[in-house]
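Notes follow the structure.
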Amino acid sequence: MKKSSNPFIRNPILQILQSKCKTLDTYQQAHAQIITTGLILHTYPLTQLLSAILSSTLPTSLSYALTIFDRVPNPTTYIFNTLISSILTHHNHHGQRTHLAFSLYNQILCIRAIKPNSYSYPSLFKACGSNPIWVKHGRALHTHVLKFLDPTEYDQFVQASLVSFYSKCGKFGVCRYLFDQISEPDLGLWNSILSAYNSSADDTGSSMEVLCLFSDMQRGSKIKPNEISFVALINACADLGAFSEGIWAHLYMVKNNLKLNRFVVTSLIDLFVNCGFLEFACQVFDELPKKDIFCYNAMIRGFATHGYGHEAIDLFNKLLLEGLAPDDVTMVLIISACSHVGLVDEGCELFYSMRERYGVEPKLEHYGCLVDLLGRAGRVNEALEKIRAMPMEPNAVLWRSLLSATRNHGNLEIGEVALEHLIKLEPETSGNYVLLSNVYADMNKWEGVKRVRRLMKDNGIEKAQGMSVVDV
DNA sequence: CTAGGGTTAG
């Protein structure tokens with residue numbers, strides 16, 4: 001009933017906008033008609049035009065929309081809100097337009113006749129959560145919510161976006177506090193708290209918490225979990241290795257006709273891989289019609305961690321054939337898969353071509369793979385050269401990888417170099433001193449042994465029990 | 001009246 005009160009809903013010009021109009025020309029024609037018919041003076045048609053332009057793939061869409069907007073004499077909150085969320089959802093890759101969205105929000109505050117409403121906030125909180133630069137602004141925005149929204153406006157959308165925002169900046173206590181204040185959370189809110197505990201997965205307690213929350217949600221029985229809820233649940237099961245709970249989730253989804261979409265399948269692959277059922281992982285992977293890089297990465301990781309390096313590499317080639325772009329994670333997985341099956345040259349080749357061929361900038365982890373690759377193959381000198389030529393500071397993982405290569409292939413000199421660096425990076429780890437001392441002993445460098453003992457004393461390290469530093 | 005939230009790997 002209420003929808004029919006919108007007099008513009010069946011307007012043919014607007015219907016053209018809502019259909020697929022692809023070229024700039026089409027938008028300009030619609031724009032011209034909206035002006036000549038006077039529709040431009042009405043908020044709704046104007047907003048339709050703006051959001052159609054902003055959701056298009058035209059390279060000039062943002063500036064075009066802003067040009068139109070600049071000529072609007074008295075923009076309403078509704079227009080601002082649409083503009084803000086369209087910009088954030090369609091033009092905010094890498095967060096480069098968050099600033100623009102905030103300046104539009106500020107304009108709402110500056111215009112005396114209007115004020116923000118509950119639609120103004122969710123997309124802004126979402127943007128603030130996705131980039132640490134904007135966390136401060138998100139917190140400030142929270143105070144605005146309390147200041148400008150009256151309790152009836154403070155709805156589940158705003159609350160869900162707040163819970164999710166605080167979870168992305170690691171404030172899980174705040175998430176829980178906000179969530180517990182809500183007497184009847186809707187599905188979106190349940191999902192935001194489930195995902196919040198899901199992403200704090202550094203302690204297993206939070207995965208247990210996801211299982212508990214999930215059953216709390218079901219106890220009320222008013223709320224039916226959807227795909228998003230199950231992604232959180234299955235991820236938690238994967239983290240805990242809770243195979244039977246995971247299987248239950250999988251079966252529930254199938255029985256209740258929930259879609260095994262790419263998010264769900266990725267979490268199922270992790271579950272099955274972590275529980276040691278690689279065949280199940282393959283099965284859900286194969287049955288997924290539209291795979292993205294995340295699914296592939298999960299499946300490649302599955303093969304690689306179970307020792308199937310060649311299958312991992314085959315899958316990598318399949319992903320390329322499908323026209324998907326490998327990302328930095330793919331490259332880590334695939335280079336280390338090469339390393340594990342002894343395809344040293346192939347691995348090096350992948351490393352050296354990753355920037356040019358796949359557009360992935362080598363990061364510290366990739367150098368780690370390279371060092372591992374060369375080190376396992378006994379090319380210890382070469383590995384050291386690579387570490388020295390890296391554009392960033394090598395970390396302890398890298399030096400340790402080199403160290404273990406020197407131990408497997410008997411190279412005391414480079415072992416010494418690696419340990420010197422390890423001791424600098426981790427002066428607290430007594431084992432490093434012990435190993436270095438042993439290296440010196442093996443080399444008959446007794447003054448080295450003495451130096452290590454002095455170094456230990458200077459750094460306040462006691463000999464660990466059961467380990468002996470060679471006595472001179 | 002119209003608009004907004006909750007999903008992806010070491």
Side-chain angles (χ1 to χ4, degrees), chain A residues 1-9 14 18 42-48 50-51 54 76-86 88-89 101 116-127 129 145 149 153 155-165 167-168 175 179 185-196 198-199 201-202 217 223 225-235 238-239 258-259 261-270 273-274 291-302 304-305 327-333 336 363-366 368-369 397:
Chain A
M1 279 298 270
K2 290 224 160 139
K3 277 204 169 168
S4 61
S5 69
N6 184 340
F8 301 108
I9 207 95
L14 298 190
Q18 282 150 7
H42 297 272
T43 294
Y44 182 73
L46 171 66
T47 310
Q48 288 291 302
L50 290 173
S51 71
L54 284 169
T76 60
T77 301
Y78 171 61
I79 300 174
F80 274 111
N81 290 347
T82 308
L83 212 54
I84 290 168
S85 60
S86 299
L88 290 176
T89 56
N117 62 20
S118 61
Y119 291 84
S120 312
Y121 295 100
S123 54
L124 284 168
F125 281 122
K126 192 180 173 183
V145 164
L149 297 188
E153 280 184 303
D155 62 18
Q156 308 241 14
F157 286 81
V158 178
Q159 289 167 318
S161 66
L162 270 166
V163 169
S164 155
F165 165 71
S167 100
K168 281 176 186 149
C175 293
F179 182 76
D186 69 359
L187 181 59
L189 260 161
W190 276 108
N191 287 342
S192 62
I193 193 75
L194 285 168
S195 320
N198 215 352
S199 53
D202 33 290
M217 174 172 75
I223 305 287
N226 71 355
E227 289 82 356
I228 299 175
S229 332
F230 276 103
V231 170
L233 180 66
I234 295 167
N235 277 333
D239 182 47
L258 291 176
K259 204 162 173 250
N261 64 27
R262 59 190 205 279
F263 299 98
V264 176
V265 167
T266 304
S267 63
L268 282 172
I269 292 172
D270 285 339
V273 165
N274 287 355
K291 303 172 179 69
D292 64 4
I293 194 63
F294 295 99
C295 312
Y296 269 102
N297 286 349
M299 197 63 237
I300 290 173
R301 188 172 71 86
T305 55
D327 65 4
D328 53 336
V329 177
T330 321
M331 297 315 294
V332 168
L333 292 170
S336 52
K363 297 203 288 195
L364 187 62
E365 300 92 302
H366 301 105
C369 294
V397 176

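Quick note on labels: first sequence line is chain A, next is B, and so on, each numbered from 1. As the structure is a prediction and not an experimental result, all values here were calculated from the model.
Using a 5.5 Å limit on the distance between ring centres and a 30° limit on the angle between planes, the aromatic ring of A:F157 counts as stacked on the six-membered base ring of B:dG4. Ring-base stacking between A:Y78 and B:dT2 is satisfied, the centre separation being under 5.5 Å and the plane angle under 30°.
Put simply, the side chain of A:N191 and the base of B:dG5 share no donor and acceptor less than 3.5 Å apart. In terms of polar N and O atoms assigned as donor or acceptor, the side chain of A:N117 never comes within less than 3.5 Å of the base of B:dG4 in a complementary pairing. Side-chain atoms of A:S123 and base atoms of B:dG4 include no donor and acceptor less than 3.5 Å apart.
There is no side-chain donor-acceptor pair under 3.5 Å between A:N198 and A:D239.
For the pair A:F263 CZ and B:dA9 C1', the computed distance is 13 Å after rounding to whole Å. Rounded to whole angstrom, the span from the CZ atom of A:F80 across to the P atom of B:dT2 amounts to 20 Å. The separation between A:D292 atom CG and B:dA9 atom C1' is 11 Å, rounded to whole Å. Rounding to whole angstrom units, CD1 of residue A:I79 and P of B:dT2 are separated by 15 Å. Taking atom CG on A:L333 and atom C1' on B:dA9, their separation rounds to 8 Å, with Å as the unit. Between A:Y119 atom OH and B:dC1 atom P there is a gap of 9 Å when expressed in whole angstrom units. To the nearest angstrom, P of B:dA3 lies 21 Å from CZ of A:F125. Summarising the geometry, the separation between CG on A:N81 and P on B:dT2 is reported as 13 Å, rounded to the nearest angstrom.
For the pair A:L46 and A:I79, the tightest heavy-atom approach, listed with the atom from each and the gap, is CD2-CD1, 3.7 Å. Here the closest non-hydrogen pair linking A:A298 and A:D270 is CB-OD1, 3.8 Å.
A:S51 comes within 4.0 angstrom of no nucleic acid atom, judged by non-hydrogen atoms across all strands. Note on A:V158: a base of the nucleic acid sits closer than 4.0 angstrom, heavy atoms only. Contact annotation for A:T266: no contact, since no heavy-atom pair falls under 4.0 Å across all strands. Across all strands shown, A:S85 has heavy atoms under 4.0 Å from sugar-phosphate atoms exclusively, and none from any base. Within 4.0 Å of A:I84, counting heavy atoms only, lies no atom of the nucleic acid at all. Using a 4.0 Å heavy-atom criterion, one finds that A:Q48 contacts no nucleic acid atom at all. Base contact: A:L189 has a heavy atom under 4.0 Å from a base atom.
The OH atom of A:Y78 sits 8.0 Å away from atom OG1 of A:T76, with the distance rounded to the nearest 0.5 Å. For the atom pair OG (A:S267) and CZ (A:R262), the distance works out to 12.5 Å, reported to the nearest 0.5 Å.
Contact annotation: A:K126 side-chain N/O to B:dG6 OP1/OP2 distance is under 4.0 Å. At B:dT7, none of the side-chain N or O atoms of A:R262 fall inside 4.0 Å of OP1 or OP2 (strictly under the cut-off).
Listed candidates were B:dA9, B:dG5, B:dG6. Nearest to the side chain of A:S161 is B:dG5. The side chain of A:Q156 sits closest to B:dG5 out of B:dG4, B:dG5, B:dG6. The A:Y44 side chain lies nearest to B:dT2 when the options are B:dG5, B:dG6, B:dT2. Distance from the side chain of A:V329 is smallest for B:dG10 among the nucleotides B:dG10, B:dG5, B:dG6. The A:S195 side chain lies nearest to B:dG6 when the options are B:dG6, B:dG5, B:dG10. Closest to the side chain of A:R301, out of B:dG6, B:dA9, B:dG5, is B:dA9.
Here A:D327 pairs with A:N297, A:T330 under the side-chain hydrogen bond (donor to acceptor under 3.5 Å, both in side chains) rule; sequence neighbours left out.
Taking the six-membered ring where tryptophan is involved, the planes of A:Y44 and A:F8 are essentially parallel, since the angle between them stays under 30° and well short of 60°.
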